[in-house]
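Worksheet for the structure shown next.
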Amino acid sequence: MKIYGNPMSTCTRKVLTVFAEKGVKPEFVTVELNGEQKQEPHLSRQPFGQVPALEDNGFALFESRAMCRYVDQQLPGTRLVPTDAKAAATVEQWISVESANFTPHAMKIIYGALLEPMRGLPVNTAKIEEGRKALETTLGIMEKQLQKNPFIAGSEFTLADICYMPYIEYLYACKNGDIIDAHPAVAKWWKGVSDRKSWQIATGKAN
Ligand SMILES: N[C@@H](CCC(=O)N[C@@H](CS)C(=O)NCC(=O)O)C(=O)O
């Protein structure tokens with residue numbers, strides 16, 4: 001399988017973590033996020049001009065969460081989305097929380113504190129505060145869940161955990177990790193999942 005992505009991209013890292021959990025290294029083609037992603041040939045792989053995109057023997061796929069599910073099903077090894085209907089639905093529930101109630105708020109903070117300043121704009125305090133306030137509700141709900149369970153969807157590490165990880169890494173990188181640390185069960189879970197070899201590989205800290 002071939003991944004067209006960028007090593008710094010949150011969505012690319014999700015997919016790379018799934019590969020690493022399976023012990024497989026995909027063929028990786030770097031797409032620079034300097035405009036290359038908005039031009040051909042990449043636009044034919046990802047019509048929104050974003051990374052990542054996947055190719056597998058003529059089959060093409062975009063959207064990182066769809067790619068994670070595909071890779072999980074195609075490669076042997078421990079399933080990151082369980083086959084049991086209730087367990088699978090619980091994983092999907094927490095991935096929905098991630099995509100609707102976690103990531104949009106986290107990205108406000110990451111844009112305001114890191115990505116806009118990287119483009120020469122001032123730190124956007126209003127955007128950061130808006131994101132932090134909104135994330136507080138979600139983190140409170142995650143805290144309750146993680147007080148009772150070692151992983152976000154229950155007793156096993158699943159795709160649901162992976163989906164949150166790239167955004168949490170960037171919250172720390174942009175010096176807003178205190179909102180994670182203020183939730184002890186979330187912070188403990190983050191420490192455990194981010195120590196996993198798969199995450200170390202996906203973020204270039206291990207081979
Ligand atoms: N929903 C898409 C989002 C992809 C996305 O936002 N990619 C970012 C990098 S993490 C990107 O390509 N940014 C550059 C751009 O939007 O031009 C997915 O999950 O794959």
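One-based numbering, in listed order, for ligands and for the atoms of each. Since we're looking at a predicted model, the values are computed, not measured.
If you check the side chains of D178 and Y172, you find no donor sitting under 3.5 Å from an acceptor.
Between G49, C163, S64, it is S64 that holds the heavy atom closest to atom 20 (O) of ligand 1. Taking each of M8, E63, M107 in turn, the one with a heavy atom nearest to atom 18 (C) of ligand 1 proves to be E63.
Annotation: K205, atom NZ; neighbour count of heavy atoms from other residues, nucleotides and ligands within 6.0 Å is above 12.
Protein heavy atom in closest approach to atom 7 (N) of ligand 1: V51 O, 2.9 Å. At the top of the distance list for atom 16 (O) of ligand 1, counting protein heavy atoms only, stands Q50 NE2, 3.0 Å.
Not one N or O of C11 is nearer than 3.5 Å to an N or O of ligand 1, by distance alone. Geometrically, ligand 1 and Q46 share no nitrogen or oxygen pair separated by less than 3.5 Å. Considering backbone and side-chain N/O of T10, none are found under 3.5 Å from N/O of ligand 1. Remark: ligand 1 and K38 share an N or O pair separated by less than 3.5 Å (distance only, no angle test).
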How far apart are the C-alpha atoms of Q145 and I152, what are their side-chain angles, what is the distance that settles it, and do they pass the side chain to side chain contact (heavy atoms under 4.5 Å, CB included) test?
CA-CA 7 Å; Q145 170 72 355; I152 197 71; 4.2 Å; yes
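Counting heavy atoms under 4.0 Å from ligand 1, residue Q37 touches it through the side chain alone.
For the pair T30 and P7, the minimum side-chain heavy-atom distance is below 4.5 Å. Side-chain contact between D56 and L54: present, with at least one pair of heavy atoms (C-beta onward) separated by less than 4.5 Å.
Atoms of ligand 1 lying under 4.0 Å from any heavy atom of R65, numbered from 1 in the order shown and given with element: 19 (O).
Not less than 6.0 angstrom separates the ring centroid of F28 from the ring centroid of Y4. Y164 has its ring centre less than 6.0 Å from the ring centre of F102.
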